[in-house]
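Quick note on labels: first sequence line is chain A, next is B, and so on, each numbered from 1. Note that this is a predicted model, so its numbers are computed, not measured. Atoms considered below: every heavy atom in the structure, side chains included; atoms not considered: hydrogens, waters and symmetry mates.
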Amino acid sequence: MRLSRLHAPTLKEVPKDAEVVSHQLLVRAGYIRKLAAGIYDFLPLAKRVVRKIETIIREEMDAAGAQEVFLPAVVPAEVWQESGRWFQYGPELLRFKDRKGGDFCLGPTHEEVIVDLVKRDVRSWRSLPLNLYQIQTKFRDEVRPRFGLMRGREFVMKDAYSFDVDDAATNRSYDAMYAAYERIFARCGLQFRAVEADTGSIGGSRSHEFQVLASSGEDAIVSCAQCSYAANVEQAELHLHHEPPPAVAEKAYERVHTPNRRTIAEVTDYLRRPARQFIKTLIVDADDRLFAVLVRGDHELNLIKVKKLLGAQRVDLAHEEQVRTATGAAVGFAGPVGLRGVVGILADNAVRGMTHAVAGANADDHHFVDVTEGRDFQVTRFGDLRLAVEGDPCPRCGGELKSFRGIEVGHVFFLGTKYSDAMKCTYLDESGVERPMVMGCYGIGVTRTMAAAIEQNHDADGIVWPLAIAPYRVIVLPLQMNVPDVVQAAEKLYADLQAAGVEVLLDDRDERAGVKFKDADLLGIPLRVAIGGRGLKDGVVELKPRRSSEVQQVPLADIARRVAEWTE
RNA sequence: CGGGGCGUAGCGCAGCCUGGUAGCGCACUUGCUUCGGGAGCAAGGUGUCGGAGGUUCAAAUCCUCUCGCCCCGACCA
């Protein structure tokens with residue numbers, strides 16, 4: 001492709017509405033344009049990257065035994081009513097009516113549609129397992145679309161659904177998808193981790209997220225330095241490796257005045273005690289019953305774990321009024337000592353045996369100091385209730401956990417029979433008994449993967465594409481368009497590379513060398529060949545990988561072969 | 001959903017407070033010079049000042065409503 005013809009309008013200035021680097025670079029390098037909040041045009045270069053990611057996905061999904069289908073984006077309400085989600089899903093589901101007044105939605109995910117399809121025609125155990133996937137545009141009317149392609153409203157997703165006779169068979173389908181995902185992201189040239197994730201409200205038993213490692217990632221994950229364990233911080237279990245000794249208190253607790261100091265930071269500053277000596281007391285609403293939950297001051301509460309411990313349907317932090325009802329004080333002054341307004345007091349394991357701790361006094365502008373667990377208050381139930389942090393012990397091997405930031409680009413999920421039960425998707429087993437199919441679902445955010453690749457691979461000059469998903473692999477720069485030898489050599493190389501099947505861009509624009517270098521870097525093309533009058537006199541051209549800073553001088557006669565080798 | 005901010009040329013912005021008939025940089029067109037890391041000079045085109053209504057002799061500017069976009073927050077203790 002000639003750059004003079006390519007529709008890739010590059011910008012010198014950073015667009016003002018772009019916050020994250022992938023968004024900035026995609027706009028600046030002429031890959032995307034915004035049409036509306038969270039809705040983007042994909043220009044030719046972006047389309048090529050998306051297609052490359054899709055091709056890798058297709059090859060690996062097909063190799064894993066899945067079959068590609070294409071389901072409608074516009075979905076009639078009936079199937080969503082059948083599963084019950086028409087009423088459960090919030091405003092993220094974009095609903096609308098057709099001309100006859102019938103209800104429809106734009107599919108944010110396709111469990112209903114796929115189950116509807118499978119249950120019609122699959123009746124026998126002989127037809128299972130079955131794994132169907134599609135690559136398609138999804139729409140989720142996000143509360144707050146942001147970060148460009150990272151959290152758009154319209155995006156391209158690969159979604160797959162497996163149907164099996166039982167849990168064991170589903171686990172095999174799951175394992176096959178897990179392995180396929182590892183190959184897909186490895187082939188895309190990305191650094192990633194598969195992490196254990198929360199199974200959430202769907203109630204499945206297994207779930208892994210595929211996280212592309214990037215410091216700008218929205219998700220916090222921990223991974224063991226010694227073994228292969230990795231998990232989302234929300235999911236990471238924290239086992240108690242040794243029982244702390246019972247608390248031995250020296251001092252009695254006393255009440256101190258802490259005017260208007262509500263947060264841990266404010267109080268630790270004011271009292272000059274470290275955060276780890278603080279007992280944070282959170283009031284939570286679990287199915288309309290109020291509980292106090294205690295975690296150490298330097299730890300963070302994990303509501304998901306609280307929900308599991310209580311076996312509750314719903315757990316939220318309490319509202320301001322509820323906090324006042326429970327503690328008799330404003331938010332920020334709750335503490336376990338003398339707390340009456342709650343059904344029970346739960347505490348994270350790290351709170352066990354704490355002495356000389358600081359806690360809220362359940363009175364405005366007051367805290368207690370030198371509080372001791374067991375003596376000054378009784379915990380109803382201890383458990384693992386906090387987010388994991390760097391340095392926590394690995395639940396598998398006891399090694400040290402390291403923390404990372406990640407971008408979730410894929411998710412594999414053991415679904416079970418939630419949808420097949422609700423929508424009566426059943427088969428007849430060998431003995432003629434009707435059973436629900438057991439399902440798994442497997443998603444990859446295709447357009448998000450493109451953005452994540454940039455978040456992980458960029459520098460001050462622009463994008464640095466991994467070879468496998470670059471829109472073109474080579475860019476040829478004739479540095480002086482007014483020197484016939486330079487233009488000729490560039491044209492010949494361009495033609496030779498095309499003939500050899502190498503995806504190549506030729507910057508044939510009548511621009512100065514500086515402009516061409518800047519644009520080549522911005523676009524992120526993995527290999528650059530610069531042809532200039534100076535080098536040509538000595539019969540050489542320059543070869544420079546985008547990722548490295550060293551320039552190789554290559555004889556003109558060898559350049560086509562060298563490039564072809566490099567890009568293989 | 002709550003709070004804040006911004007809509008002026010393709011892009012980035014100034015002008016608004018203190019009303020007087022719209023400007024800067026980049027980009028774009030033409031010419032000359034330049035030619036290995038976003039060139040210089042000259043000439044040129046570009047706007048319903050987001051939309052509607054109001055106040056006024058006069059509105060980008062003041063007022064009201066509305067639409068769009070961005071950021072922060074959604075109880076982080």
Side-chain angles (χ1 to χ4, degrees), chain A residues 9-20 23-24 27-30 33-39 90-92 141-148 151 153 258 260-268 275 278-285 292-303 316-324 326-327 329-336 358-362 367 386-387 460-462 477-483 486-487 507 509-523 528-537 541-542 544 549 551 553:
Chain A
T10 58
L11 268 37
K12 280 190 199 172
E13 295 182 74
V14 178
K16 69 163 182 179
D17 58 358
E19 188 78 357
V20 297
H23 188 193
Q24 292 173 353
V27 174
R28 279 193 59 210
R33 289 293 183 261
K34 183 172 71 185
L35 181 63
I39 301 178
E92 269 193 20
D141 203 356
E142 291 276 349
V143 191
R144 192 174 153 206
R146 56 181 138 180
F147 306 148
R151 186 178 291 281
R153 289 195 291 174
T258 50
N260 219 21
R261 268 70 173 188
R262 293 157 187 272
T263 66
I264 295 292
E266 285 165 358
V267 180
T268 52
F278 205 101
I279 297 173
K280 259 201 278 206
T281 305
L282 302 316
I283 308 300
V284 301
D285 173 351
V293 186
L294 314 182
V295 296
R296 214 169 69 189
D298 56 335
H299 288 152
E300 279 198 68
L301 176 66
N302 183 345
L303 283 177
D316 295 307
L317 284 173
H319 294 252
E320 207 174 322
E321 317 85 72
Q322 291 176 302
V323 170
R324 192 165 269 288
T327 67
V331 171
F333 300 103
V358 182
N362 301 317
H367 281 78
R386 66 181 173 91
L387 295 178
D461 293 314
L477 307 185
L479 296 179
Q480 298 93 20
M481 295 302 284
N482 56 348
V483 178
V486 169
V487 175
D507 193 347
R509 298 174 303 169
D510 188 11
E511 290 286 358
R512 294 159 57 89
V515 174
K516 296 190 177 187
F517 285 132
K518 287 288 185 191
D519 274 346
D521 286 348
L522 184 59
L523 296 183
R528 181 184 87 191
V529 181
I531 302 179
R534 268 185 350 218
L536 271 191
K537 285 201 185 101
V541 298
E542 285 172 10
K544 179 183 171 295
S549 54
V551 175
Q553 306 287 337

Student: What's A:G535 touching, base or sugar-phosphate or nothing? Going by heavy atoms closer than 4.0 Å.
Tutor: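 It contacts base atoms.
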
Student: With a 3.5 angstrom cut-off on both distances, give the Watson-Crick or G-U wobble partner of B:C24, or none if there isn't one.
Tutor: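 Pair assignment: B:C24 / B:G12.
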
Student: Using atom CD of A:E13 as one end and atom C1' of B:G10 as the other, report the distance to the nearest whole Å.
Tutor: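 Interatomic distance, CD of A:E13 to C1' of B:G10: 12 Å.
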
Student: Look through every strand shown and name the nucleotide pairing with B:A77 as Watson-Crick or G-U wobble, where both distances are under 3.5 Å.
Tutor: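 Base-paired to nothing in any strand shown.
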
Student: Hey, are the side chains of A:T327 and A:F333 touching, using non-hydrogen atoms and a 4.5 Å cut-off?
Tutor: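 Not in contact.
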
Student: Rounded to the nearest Å, what distance is computed from the CG atom of residue A:D316 to the C1' atom of nucleotide B:A77?
Tutor: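 Nearest whole value for this atom pair: 15 Å.
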
Student: Within this structure, what is the CG-to-C1' distance between A:D141 and B:C1, rounded to whole angstrom?
Tutor: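 Atom CG in A:D141 sits about 14 Å away from atom C1' in B:C1.
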
Student: Find the distance A:R324:CZ to B:C75:C1' and express it as a whole number of Å.
Tutor: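 About 14 Å, once rounded to whole Å.
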
Student: A:I531 or A:F147: which one's nearest nucleotide on RNA chain B is closer to the 5' end?
Tutor: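 It is A:I531, whose closest nucleotide lies nearer the 5' terminus.
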
Student: Taking only side-chain nitrogens and oxygens of A:K16, does any of them come within less than 4.0 Å of OP1 or OP2 of B:C6?
Tutor: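 For B:C6, OP1/OP2 do not have a side-chain N/O of A:K16 under 4.0 Å.
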
Student: Has the side chain of A:K516 got a donor or acceptor atom that lies under 3.5 Å from a matching backbone atom of A:R509?
Tutor: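 Answer holds: yes.
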
Student: If I take atom CZ from residue A:R386 and atom CG from residue A:D298, how far apart are they, to the nearest 0.5 angstrom?
Tutor: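 Between atom CZ of A:R386 and atom CG of A:D298 there are 8.0 Å.
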
Student: Give me the distance, rounded to whole Å, that separates B:A60 from B:C49 when you measure between the P atoms they each carry.
Tutor: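 Taking atom P in both B:A60 and B:C49, they lie 7 Å apart.
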
Student: Considering heavy-atom distances to RNA chain B, does A:E300 or A:K544 have its closest nucleotide positioned more toward the 5' end?
Tutor: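 The 5'-side residue here is A:K544.
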
Student: Donor-acceptor pair under 3.5 Å: do we get one between A:R528's side chain and the base of B:G37?
Tutor: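 Such a pair is found, so the answer is yes.
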
Student: Could you give the distance separating B:G51 and B:C11 at their P atoms, to the nearest angstrom?
Tutor: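 After rounding to an integer number of Å, I get 15 Å for this pair.
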
Student: I'd like the C1' distance from B:G31 over to B:U48, given in whole Å.
Tutor: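 It works out to 34 Å between them.
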
Student: Could you work out the separation of B:G5 and B:C65 based on their P atoms and round it to a whole Å?
Tutor: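 Pairwise P distance, B:G5 against B:C65, rounds to 15 Å.
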
Student: Give me the distance, rounded to whole Å, that separates B:U61 from B:C17 when you measure between the P atoms they each carry.
Tutor: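 Rounded to whole Å, the distance is 9 Å.
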
Student: Between B:G20 and B:C35, how far is it from one C1' atom to the other, in whole Å?
Tutor: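 One C1' to the other, the span is 49 Å.
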
Student: Mind checking whether A:R296 and A:K280 have side chains closer than 4.5 Å, heavy atoms only?
Tutor: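 No, too far: nothing below the 4.5 Å cut-off.
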
Student: Using the P atom in both, what is the distance from B:G12 to B:G19, to the nearest Å?
Tutor: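 Those two atoms are separated by 30 Å.
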
Student: Just to be sure I understand the rule, does A:E542 reach a base, reach only the sugar-phosphate, or reach nothing, if contact means heavy atoms closer than 4.0 Å?
Tutor: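 Base contact - A:E542 has a heavy atom under 4.0 Å of at least one base atom.
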
Student: Would you name the heavy atoms of A:G335 and A:T281 that are closest together and state the gap between them?
Tutor: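 The answer is CA-OG1, 3.4 Å.
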
Student: Do A:L301 and A:L317 have side chains that get closer than 4.5 Å, going by heavy atoms?
Tutor: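 In short, these two side chains touch, coming nearer than 4.5 Å.
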
Student: For A:Q480 and B:U33, give me the distance from atom CD to atom P, rounded to whole Å.
Tutor: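 Spelled out: CD on A:Q480 to P on B:U33 is 18 Å.
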
Student: Just call it for A:N482: base, sugar-phosphate, or nothing, with non-hydrogen atoms closer than 4.0 Å on any strand.
Tutor: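 If one applies the 4.0 Å heavy-atom cut-off, A:N482 turns out to touch a base.
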
Student: Choose from B:C71, B:G38, B:C75 the nucleotide whose nearest atom is closest to any side-chain atom of A:R146.
Tutor: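 Shortest atom-to-atom distance from the side chain points to B:C71.
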
Student: If we call it a pair only when both distances are under 3.5 Å in a Watson-Crick or G-U wobble match, what pairs with B:C6?
Tutor: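 Looking at the geometry, B:C6 pairs with B:G68.
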
Student: Take the protein atom CG of A:L11 and the nucleotide atom P of B:G12, then report the distance between them rounded to whole Å.
Tutor: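 Whole-Å distance recorded here is 8 Å.
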
Student: How would you label the contact of A:K280 with the nucleic acid (heavy atoms, under 4.0 Å): base, sugar-phosphate, or nothing?
Tutor: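 Base contact.
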
Student: Test A:V14 against A:R28 for side chain to side chain contact (heavy atoms under 4.5 Å, CB included), laying out the working first.
Tutor: CA-CA 7 Å; A:V14 178; A:R28 279 193 59 210; 4.1 Å; yes

Student: A:D17 has an atom CG; how far is it from atom P of B:C69, in whole Å?
Tutor: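 To the nearest whole Å, that distance equals 11 Å.
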
Student: Would you mind reading off the distance between A:E19 atom CD and B:G73 atom P, rounded to a whole angstrom?
Tutor: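 In whole Å, B:G73 P lies 11 Å from A:E19 CD.
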
Student: Say we look at B:G68 and B:A52: how far apart would their C1' atoms be, to the nearest angstrom?
Tutor: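 Between the two C1' atoms, the distance is 15 Å.
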
Student: Could you check which nucleotide pairs with B:U18 in any of the strands shown, counting Watson-Crick or G-U wobble with both distances under 3.5 Å?
Tutor: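 None - no nucleotide pairs with B:U18, as no candidate has both distances under 3.5 Å.
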
Student: For B:G38, which nucleotide in any strand shown is its Watson-Crick or wobble partner with both distances under 3.5 Å?
Tutor: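 WC or wobble partner does not exist here.
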
Student: Give A:D521 one of three labels, base, sugar-phosphate or nothing, depending on what nucleic acid heavy atoms sit under 4.0 Å from its own.
Tutor: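 Base contact - A:D521 has a heavy atom under 4.0 Å of at least one base atom.
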
Student: Measure from the side chain of A:R534, starting at C-beta and using heavy atoms only, and say which of B:C69, B:G36, B:G38 lies closest.
Tutor: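 Given the options B:C69, B:G36, B:G38, the side chain of A:R534 is closest to B:G36.
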
Student: Using purine N1 to pyrimidine N3 plus N6-O4 or O6-N4 for Watson-Crick, or N1-O2 and O6-N3 for G-U wobble, each under 3.5 Å, what pairs with B:U48?
Tutor: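 WC or wobble partner does not exist here.
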
Student: Using a cut-off of 4.0 Å on non-hydrogen atoms, how would the nucleic acid contact of A:A37 be classed: base, sugar-phosphate, or nothing?
Tutor: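 Sugar-phosphate, backbone atoms only, no base.
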
Student: So A:L477, base contact, sugar-phosphate only, or nothing? Heavy-atom distance under 4.0 Å.
Tutor: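 A:L477: no heavy atom of the nucleic acid under 4.0 Å.
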
Student: If you go through the side-chain atoms of A:R28, does one of them form a donor-acceptor pair with the base of B:G38 closer than 3.5 Å?
Tutor: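 Pair found.
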
Student: Please determine whether a side-chain nitrogen or oxygen atom of A:K34 lies at a distance below 4.0 Å from atom OP1 or OP2 of B:C70.
Tutor: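 For B:C70, OP1/OP2 do have a side-chain N/O of A:K34 under 4.0 Å.
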
Student: Among B:G38, B:G36, B:A39, find the nucleotide with the atom closest to the side chain of A:F517.
Tutor: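 The listed nucleotide nearest to A:F517's side chain is B:G36.
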
Student: Look through every strand shown and name the nucleotide pairing with B:U29 as Watson-Crick or G-U wobble, where both distances are under 3.5 Å.
Tutor: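 Across all strands, the one nucleotide that pairs with B:U29 is B:A43.
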
Student: Taking the basic N atoms (NZ, or NE/NH1/NH2) and the acidic carboxylate oxygens, is any pair closer than 4.0 Å for A:E19 and A:R146?
Tutor: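 The answer is no: the pair does not qualify as a salt bridge.
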
